[in-house]
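Order of appearance sets the numbers: ligands from 1, and atoms from 1 within every ligand. Computed from a predicted structure; not experimentally measured.
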Amino acid sequence: MTSAITCSNITKSFKTKEVETLALRGIELDVIKGEFLMLVGPSGCGKTTLISIMAGILHQDAGNCTVQGQCYNQMTHNELLDFRAKNVGFIFQSFNLIPTLSVVENVAIPLIINRIERHDAIKQAAQMVEKVGLGDRLDSAPNQLSGGQQQRIAIARALVHNPSILICDEPTSSLDHSTGVKILELMRSINKDMKTTCVVVTHDARIYQYADRIAHMDDGMITDITHNGA
Ligand SMILES: Nc1ncnc2c1ncn2[C@@H]1O[C@H](COP(=O)(O)OP(=O)(O)OP(=O)(O)O)[C@@H](O)[C@H]1O
């Protein structure tokens, strides 16, 4: 099977004035093209640090992260920015929608970053908003939407440029259970339809069933990989 993301012996530490924390201690992980992988483990075990490295947002101290066959270590800063803008979608825990832009303008951002002309970007963004079931809210402001609707918009924004990799940090943490399940069902159907490789950090055991595989982390290491909630 082809790998979409390969992490080889990745280490990362953070130094503050008081303390040095070894957040990742030699991560080895292969994410298979097209799979829906969940990353789980106790608070502080390094999940966000790992997905930030996979997304090219944070740089490791040692080891390699290869995404779609391209090693981040071998890219210049500008090449990495360009690669990330084209290939990676990221969904934050707290939606991170821009309050002064409308729904459709928020979703158009990755296209505009990829230098698509505004009129076309808005048109494509509107189609994506339609896909997540909110085609009647294009001109709303984000704060006029419910939490679940805002998360749908965040998903539309992360996917509008058809990235090969979608990385999500706790996509259901600020949602009630039934809204969280609907969001996971939406992400799963997008994963199937658009063949997007998904890596999802979660604390929510009730959504484990949506994963193909679950990578368990503890204290900066992958301790186990299980299949489909087993
Ligand atoms: N910018 C930073 N500066 C200093 N320490 C950090 C920084 N980011 C993370 N850490 C530390 O690195 C460790 C791993 O943090 P990380 O956020 O990756 O954990 P996590 O598993 O995502 O936690 P949670 O489930 O609570 O979000 C923690 O001990 C954290 O305090």
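Scanning all protein heavy atoms for the shortest distance to atom 2 (C) of ligand 1 gives Phe14 CD2, 3.5 Å. The protein non-hydrogen atom at the shortest distance from atom 26 (O) of ligand 1 is Ser43 OG, 2.6 Å. Of the protein's non-hydrogen atoms, the one nearest atom 27 (O) of ligand 1 is Thr48 OG1, 4.0 Å.
Looking at Asp176 and Lys182, no side-chain N of the basic residue comes within less than 4.0 Å of a carboxylate O on the acidic one, giving no salt bridge. Between Glu117 and Lys123 no salt bridge is recorded (no basic side-chain N to carboxylate O distance below 4.0 Å).
When only interatomic distances are considered, the shortest N/O to N/O separation between Gly41 and ligand 1 does not fall below 3.5 Å. Looking at Lys47 next to ligand 1, an N or O pair under 3.5 Å apart turns up.
The side chain to side chain donor-acceptor pair (under 3.5 Å) test applied to Asp204 returns Thr172, Arg206, not counting sequence neighbours. Applying the ring pair (Phe, Tyr, Trp, His ring centres under 6.0 Å) test to Phe14 and every residue at least two apart in sequence or in another chain returns nothing.
The hydrophobic clustering, which links ILVMFWY residues whose side-chain heavy atoms are closer than 4.5 Å, places Met217 and Val40 apart.
If you look at His203 next to ligand 1, the close heavy atoms, those under 4.0 Å, all belong to the side chain. Of the heavy atoms in Thr49, both backbone and side-chain atoms come closer than 4.0 Å to ligand 1.
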Take Cys7 and Ile53 through the side chain to side chain contact (heavy atoms under 4.5 Å, CB included) test and state the conclusion after the steps.
CA-CA 9 Å; Cys7 299; Ile53 290 170; over 6 Å; no
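Residue Gly44 approaches ligand 1 through these ligand atoms, each under 4.0 Å from one of its heavy atoms: 13 (C), 14 (C), 19 (O), 20 (P), 21 (O), 23 (O), 24 (P), 26 (O), 28 (C), 29 (O).
Between Arg213 and Ile32 there is a side-chain heavy-atom pair separated by less than 4.5 Å.
Within 4.0 Å of atom 16 (P) of ligand 1, at least one protein heavy atom is present. Inside a 4.0 Å radius of atom 30 (C) of ligand 1 there is not any protein heavy atom.
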